[in-house]
There are 2 protein chains.
Amino acid sequence: MIRPMSPETDTRTRILATAREMFHSRSYADVGIQEICDGAKVQKGSFYHFFPSKQGLALAVIDIVADEWAQGFVAEAFDQNLPPVERLDYLIDAAYYWQMASRDIDGRMPGCLFGNLALEMSTRDDVMRAKLNAIFDKAKAKFRATLEEAVRTGAMAALDTEATAAAMLAYLEGIILLAKTRNNPDVILTLGPAIKTLRIELRH
Amino acid sequence: MIRPMSPETDTRTRILATAREMFHSRSYADVGIQEICDGAKVQKGSFYHFFPSKQGLALAVIDIVADEWAQGFVAEAFDQNLPPVERLDYLIDAAYYWQMASRDIDGRMPGCLFGNLALEMSTRDDVMRAKLNAIFDKAKAKFRATLEEAVRTGAMAALDTEATAAAMLAYLEGIILLAKTRNNPDVILTLGPAIKTLRIELRH
DNA sequence: GCTTGACTTGACCGACCGGTCTAGTATGAT
DNA sequence: ATCATACTAGACCGGTCGGTCAAGTCAAGC
């Protein structure tokens with residue numbers, strides 16, 4: 001039942017894109033459904049045809065951004081032919097340019113959508129918390145694979161790759177948090193490279 | 001942990017304490033003034049006698065918590081007679097126990113009030129952003145002093161104390177973010193000690 | 001006793017919240 | 001042609017939002 005140029009895809013996509021930007025640059029609670037509908041040039045009735053609730057929309061937005069992430073700059077940073085340790089530098093650069101690009105009209109840094117939602121929603125919505133947690137786990141796995149390769153090739157001394165990967169993810173989120181609070185993306189460039197110094201030793 | 005406060009305590013104090021707990025365990029937007037008034041056993045009119053607005057209340061809450069922080073466990077962690085490097089371990093422990101203690105009835109981790117508010121409000125309220133930024137700067141200064149002492153005593157090789165202090169603060173906030181998303185304070189203990197491995201070298 | 005000013009009470013405001021519902025349009029399948 | 005279904009339109013719902021206000025209570029200062 002696939003219709004060419006189906007208005008479904010169009011409308012749904014428009015809602016998703018509008019919501020995504022608004023949630024990212026503001027917050028979940030601060031953005032209303034009416035506002036999203038206005039921005040997407042869609043009526044309320046259409047919105048609730050495609051999404052069961054505001055929460056459902058947010059879940060869908062998270063999925064989309066996570067996919068885009070995984071296939072976009074994260075994949076680039078992690079899957080290219082650079083030596084593993086240099087991939088971390090590449091990732092920091094990518095994070096910087098991504099933040100620069102997604103600054104809003106007034107030049108404000110939106111930060112990381114996942115980090116933003118995690119802190120806003122974790123105590124309020126366990127479904128969302130679990131979803132964000134899963135995304136963080138995937139990101140951690142990327143770090144871990146990089147670390148394992150680095151250890152294998154001798155670029156890094158043996159360490160607890162699982163824990164260190166989590167530490168690096170935490171550090172990345174922390175840097176973005178600080179950069180957003182300072183409203184200064186340069187923080188990412190200044191602090192980012194130190195991600196390579198993080199180490200958690202293997203327990204014996 | 002949200003219990004009505006006894007009407008005997010000072011009204012302003014009751015409002016502040018109630019708001020503090022609610023903002024910390026939920027979010028700014030999710031907590032209404034009426035709800036705060038109910039929790040504090042205060043009428044709306046009294047609320048607006050003591051505070052000009054919801055924003056004004058939040059600013060006051062931030063001040064109070066920042067003071068308590070500075071004089072409480074942060075001061076303990078940083079100002080005692082431990083060798084500087086061990087102070088960092090002490091700080092991680094303190095953060096862990098603090099998070100354990102402030103878990104709500106359902107066992108949810110509230111995370112760091114400042115980090116929570118920073119991500120929720122930075123793009124919406126520049127006054128709040130600036131205030132939170134100043135608090136982070138103060139925290140950074142504590143890290144820096146510790147690092148300088150560590151370098152002076154030879155416990156650490158010379159490094160960029162200013163940048164490394166910021167990195168440590170970012171890492172701490174990142175750890176708490178991750179722990180909150182996982183709803184597992186143990187993350188702090190697992191990842192925390194690696195804060196000592198963070199290094200940003202001096203630029204020549 | 002009277003006044004002043006800090007504090008309290010609770011009704012009230014317009015705006016907006018997330019969400020529902022009915023009516024209607026457009027399209028593809030039969 | 002007709003029917004089912006996908007989608008749209010937008011009025012409407014009860015409730016809550018942050019904030020205002022007029023009318024008090026009460027204790028200290030004169």
Side-chain angles (χ1 to χ4, degrees), chain A residues 1-23 25-62 117 120-121 123-128, chain B residues 2 4-62 117 120-121 123-128 131:
Chain A
M1 206 174 281
I2 294 158
R3 272 172 282 151
M5 268 316 269
S6 156
E8 170 186 338
T9 346
D10 207 32
T11 302
R12 208 186 118 95
T13 306
R14 242 160 43 227
I15 294 171
L16 247 9
T18 308
R20 177 211 170 134
E21 185 169 356
M22 286 180 174
F23 285 153
S25 66
R26 315 247 290 285
S27 74
Y28 179 80
D30 195 44
V31 176
I33 288 177
Q34 189 57 60
E35 195 182 356
I36 293 170
C37 290
D38 291 348
K41 300 260 188 281
V42 158
Q43 298 296 332
K44 262 255 184 86
S46 298
F47 176 91
Y48 279 100
H49 173 76
F50 290 105
F51 301 97
S53 63
K54 189 185 183 183
Q55 191 223 31
L57 168 69
L59 258 18
V61 167
I62 292 172
L117 287 176
E120 183 182 359
M121 305 299 292
T123 55
R124 277 175 64 191
D125 186 324
D126 220 56
V127 176
M128 217 173 287
Chain B
I2 293 161
M5 300 207 54
S6 98
E8 286 157 30
T9 7
D10 181 52
T11 301
R12 204 186 121 96
T13 307
R14 253 183 297 139
I15 295 171
L16 246 10
T18 307
R20 176 210 170 137
E21 187 164 358
M22 287 180 175
F23 285 153
H24 190 191
S25 65
R26 315 247 292 284
S27 74
Y28 179 80
D30 194 44
V31 175
I33 289 178
Q34 188 57 60
E35 196 182 356
I36 294 170
C37 289
D38 291 348
K41 298 264 188 277
V42 158
Q43 300 297 332
K44 262 260 186 82
S46 297
F47 176 92
Y48 279 99
H49 173 76
F50 289 104
F51 301 97
S53 64
K54 188 184 184 185
Q55 190 223 30
L57 168 68
L59 258 18
V61 167
I62 292 172
L117 287 176
E120 184 183 0
M121 304 300 291
T123 56
R124 278 174 64 192
D125 186 323
D126 221 55
V127 176
M128 218 172 285
K131 196 169 201 97

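Convention: sequence-line order gives letters A, B, ...; per-chain numbering from 1.
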Chemist: As an exercise, state the distance from CG of A:L117 to CZ of A:F23, rounded to the nearest 0.5 Å.
Modeler: 8.0 Å
Chemist: Please encode protein proximity along nucleotides 10-19 of chain D as a string of B, S and -, counting only heavy-atom distances under 4.0 Å.
Modeler: B-------BB
Chemist: Is any side-chain heavy atom of B:I33 closer than 4.5 Å to a side-chain heavy atom of B:L57?
Modeler: no
Chemist: Can a salt bridge be assigned to the pair A:R26 and A:E21 using a cut-off of 4.0 Å between side-chain N and carboxylate O?
Modeler: no
Chemist: How many whole angstroms separate atom NE2 of B:H49 from atom C1' of D:dT20?
Modeler: 15 Å
Chemist: After noting the C-alpha distance and the side-chain angles of B:D30 and B:S27, does the key distance pass the side chain to side chain donor-acceptor pair (under 3.5 Å) rule?
Modeler: CA-CA 5 Å; B:D30 194 44; B:S27 74; 5.1 Å; no
Chemist: Starting at CG of A:D38 and ending at P of D:dA9, how long is that distance when rounded to a whole Å?
Modeler: 13 Å
Chemist: How far does CZ of A:R14 sit from SG of A:C37, to the nearest 0.5 angstrom?
Modeler: 10.5 Å
Chemist: Quick check: closest heavy atoms across B:F47 and B:V42, and the distance to 0.1 Å?
Modeler: N-CG1, 3.9 Å
Chemist: Any side-chain N or O of A:T11 under 4.0 Å from OP1/OP2 of D:dT8?
Modeler: yes
Chemist: Roughly, in whole Å, what's the span from CD1 in A:I15 to C1' in D:dT8?
Modeler: 11 Å
